[in-house]
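Working notes, beginning with the structure itself.
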Protein chains: 2
Amino acid sequence: MHYLYIKAMEEKVRHLLSQKDLKVTRVRLLVLGLLLQNRAAMSHAEISSIIGEDNIDKVTLYRTLNAFVEKGLAHKVATEDRNWLYAVYEENHETHTSEDHAHFVCDECEKIYCFPVDQTSFEITTQKKQGFKIRSREVRLHGLCPICN
Amino acid sequence: MHYLYIKAMEEKVRHLLSQKDLKVTRVRLLVLGLLLQNRAAMSHAEISSIIGEDNIDKVTLYRTLNAFVEKGLAHKVATEDRNWLYAVYEENHETHTSEDHAHFVCDECEKIYCFPVDQTSFEITTQKKQGFKIRSREVRLHGLCPICN
DNA sequence: ACAAATAATGCAACTGAGTTGCAATTAGGA
DNA sequence: TCCTAATTGCAACTCAGTTGCATTATTTGT
Ligand SMILES: [Mn+2]
Ligand SMILES: [Mn+2]
Ligand SMILES: [Zn+2]
Ligand SMILES: [Zn+2]
């Protein structure tokens with residue numbers, strides 16, 4: 001399993017959890033560690049199969065992921081085929097911590113990556129339309145990820 | 001019910017259906033007529049409740065909507081809460097016929113509207129990132145719709 | 001206008017991701 | 001170490017969406 005890896009970053013994960021008032025548990029260490037080491041966002045099914053269905057109850061995993069989202073440790077992205085993918089907010093990833101990011105969807109492997117985006121330059125591209133008041137923008141980029149490219 | 005309205009645009013709907021090799025049936029006339037008169041995209045539940053659950057079987061409605069999508073008469077948008085909304089491709093709506101459009105999500109009523117977008121000016125805002133090859137962009141705008149504004 | 005061929009419909013049964021309730025276990029502070 | 005509240009795991013449940021199939025409606029050719 002991933003105990004070796006998790007051992008190495010365990011301190012960091014422990015810190016992230018306590019920082020958000022989440023008790024440090026076996027399940028949370030496993031899941032957050034896994035999310036941190038994965039660059040692409042992950043689904044419940046994916047996480048479940050990697051960690052092993054015998055090692056985490058499915059309900060606990062749902063609740064764990066929700067807890068991460070509620071505490072602002074992670075966020076979830078709804079895919080086109082209505083799956084949920086989870087990604088941690090983490091500065092090491094070339095991702096983000098803020099809301100100002102786009103999602104990159106690989107046409108080949110269908111993985112989703114978080115992506116920073118220049119919000120201000122984006123604003124000018126979408127002008128107001130009659131009656132509609134635009135408050136914020138959300139971008140989804142499609143193409144090929146580094147692995148499939 | 002909507003028979004009055006549908007009677008008026010019935011010819012148009014019939015034409016759209018046959019054009020796409022779809023047989024003209026009571027259910028399809030009702031559903032396509034309703035989609036055409038609604039500016040915002042609609043969910044299965046919404047359509048079902050407007051037309052009346054006694055008037056259309058839920059399975060038939062699922063199959064009807066799928067048929068519209070497969071034949072290119074309509075497209076579906078997955079919402080953030082993982083519902084599917086359906087909207088016809090229709091030039092009367094200030095919407096679109098092509099793929100070059102954004103979706104506007106009202107923060108207040110949560111309705112989704114199709115929206116044309118200037119694709120070329122958008123391209124310059126998102127520059128390539130190391131390894132990622134961007135092929136297309138998808139925009140989601142959040143704000144207030146004309147009704148809620 | 002009629003009949004045959006083919007597609008659409010409606011119903012019942014099923015599927016499976018996600019939820020709820022609750023009792024047993026565990027983390028963390030006193 | 002002990003206490004309390006949070007977390008976990010299991011079983012039961014929910015409900016949107018699917019599947020199979022017998023019935024019905026549409027289209028096309030005569
Ligand atoms: Mn993201
Ligand atoms: Mn649209
Ligand atoms: Zn890829
Ligand atoms: Zn609105």
Side-chain angles (χ1 to χ4, degrees), chain A residues 6 10-11 13-34 41-71 73-74 76-86, chain B residues 6 10-11 13-35 41-71 73-74 76-86 110:
Chain A
I6 279 176
E10 183 164 325
E11 273 321 301
V13 177
R14 294 191 104 90
H15 179 68
L16 283 170
L17 288 173
S18 350
Q19 209 173 21
K20 298 288 186 176
D21 293 315
L22 290 169
K23 292 190 172 173
V24 177
T25 66
R26 187 186 64 91
V27 172
R28 286 173 179 167
L29 284 172
L30 277 171
V31 178
L32 188 51
L34 185 57
M42 304 178 83
S43 67
H44 178 285
E46 200 174 351
I47 296 169
S48 187
S49 88
I50 290 178
I51 293 185
E53 313 210 345
D54 303 330
N55 297 315
I56 302 188
D57 179 72
K58 65 165 185 168
V59 179
T60 304
L61 180 52
Y62 279 120
R63 292 198 269 230
T64 300
L65 293 170
N66 284 341
F68 289 174
V69 172
E70 277 163 23
K71 294 291 184 174
L73 256 181
K76 57 181 169 185
V77 193
T79 66
E80 218 50 42
D81 58 333
R82 311 189 328 160
N83 202 0
W84 269 325
L85 303 186
Y86 297 84
Chain B
I6 279 175
E10 183 165 326
E11 272 321 302
V13 176
R14 295 191 104 90
H15 179 68
L16 283 170
L17 288 173
S18 354
Q19 207 173 21
K20 298 288 185 177
D21 292 314
L22 289 169
K23 292 189 174 174
V24 177
T25 67
R26 187 186 64 92
V27 172
R28 286 173 180 168
L29 285 172
L30 277 171
V31 178
L32 188 51
L34 185 56
L35 285 176
M42 305 177 83
S43 68
H44 178 285
E46 200 174 351
I47 296 169
S48 187
S49 87
I50 289 178
I51 293 186
E53 314 210 345
D54 302 331
N55 297 314
I56 301 188
D57 179 72
K58 65 165 185 168
V59 178
T60 304
L61 181 51
Y62 279 119
R63 293 198 267 229
T64 299
L65 293 169
N66 285 341
F68 289 174
V69 172
E70 277 163 23
K71 295 292 184 173
L73 255 180
K76 57 182 169 185
V77 193
T79 66
E80 218 50 43
D81 57 335
R82 310 186 333 156
N83 202 359
W84 269 325
L85 302 186
Y86 298 84
E110 294 188 317

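Heavy-atom basis, side chains included; hydrogens, waters and symmetry copies ignored. Naming: A, B, ... by sequence-line order, numbering from 1 per chain. Keep in mind that this is a model prediction, so the values were computed, not measured.
Look at CG on A:L61: it is 15 Å from C1' on D:dC10, rounded to the nearest Å. What separates NZ of A:K20 from C1' of D:dA6 is a distance of 19 Å, to the nearest Å. Whole-Å rounding puts the A:N66 CG to D:dA6 P distance at 17 Å. Put simply, OH on A:Y62 is 13 Å from C1' on D:dT14, counting in whole angstrom units.
Mapping A:V27 and B:N83 onto DNA chain D via the closest heavy atom, the residue that lands nearer the 5' end is A:V27. Place B:W84 and A:T64 on DNA chain D by their nearest nucleotides, and A:T64 ends up nearer the 5' end.
Of all nucleotides in DNA chain C, those with any atom nearer than 4.0 Å to a heavy atom of chain A start and finish, going 5' to 3', at C:dA17 to C:dG28.
B:R82 pairs by the salt bridge (Lys or Arg N to Asp or Glu O under 4.0 Å) definition with nothing, not counting sequence neighbours. Here A:T79 pairs with A:D81 under the side chain to side chain donor-acceptor pair (under 3.5 Å) rule; sequence neighbours left out. Under the salt bridge (Lys or Arg N to Asp or Glu O under 4.0 Å) criterion, B:R14 pairs with B:E10, sequence neighbours left out.
When all heavy atoms of A:K76 and A:V69 are compared, the pair lying nearest together is N-CG2, 4.3 Å. Minimum interatomic distance between B:R28 and B:F68 (heavy atoms only, all atoms of both residues): O-CZ, 4.0 Å. Nearest heavy-atom pair, B:H44 versus B:K58, reported as atom, atom and distance to 0.1 Å: NE2-O, 3.2 Å. Closest of all the heavy-atom pairs between A:K23 and A:L17 is O-CD1, 4.5 Å. B:M42 and B:L35 get closest at one heavy-atom pair: SD-CD2, 4.0 Å.
Around CD of A:E46, the count of heavy atoms belonging to other residues, nucleotides or ligands within 6.0 Å exceeds 12.
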Annotated protein contacts, base or backbone, on nucleotides 20-30 of chain D with a non-hydrogen cut-off under 4.0 Å, one of B, S, - each: B-----BS---
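In this structure, B:I56 and B:T64 have side chains that are not in contact, with every pair of non-hydrogen atoms separated by 4.5 Å or more. Residues A:V27 and A:L61 are not in side-chain contact: their nearest non-hydrogen atoms beyond the backbone lie 4.5 Å or more apart.
Between its two ends, the helix from C:dA1-D:dT30 to C:dA30-D:dT1 turns its axis by 40°, counting five pairs per end and rounding to 10 degrees.
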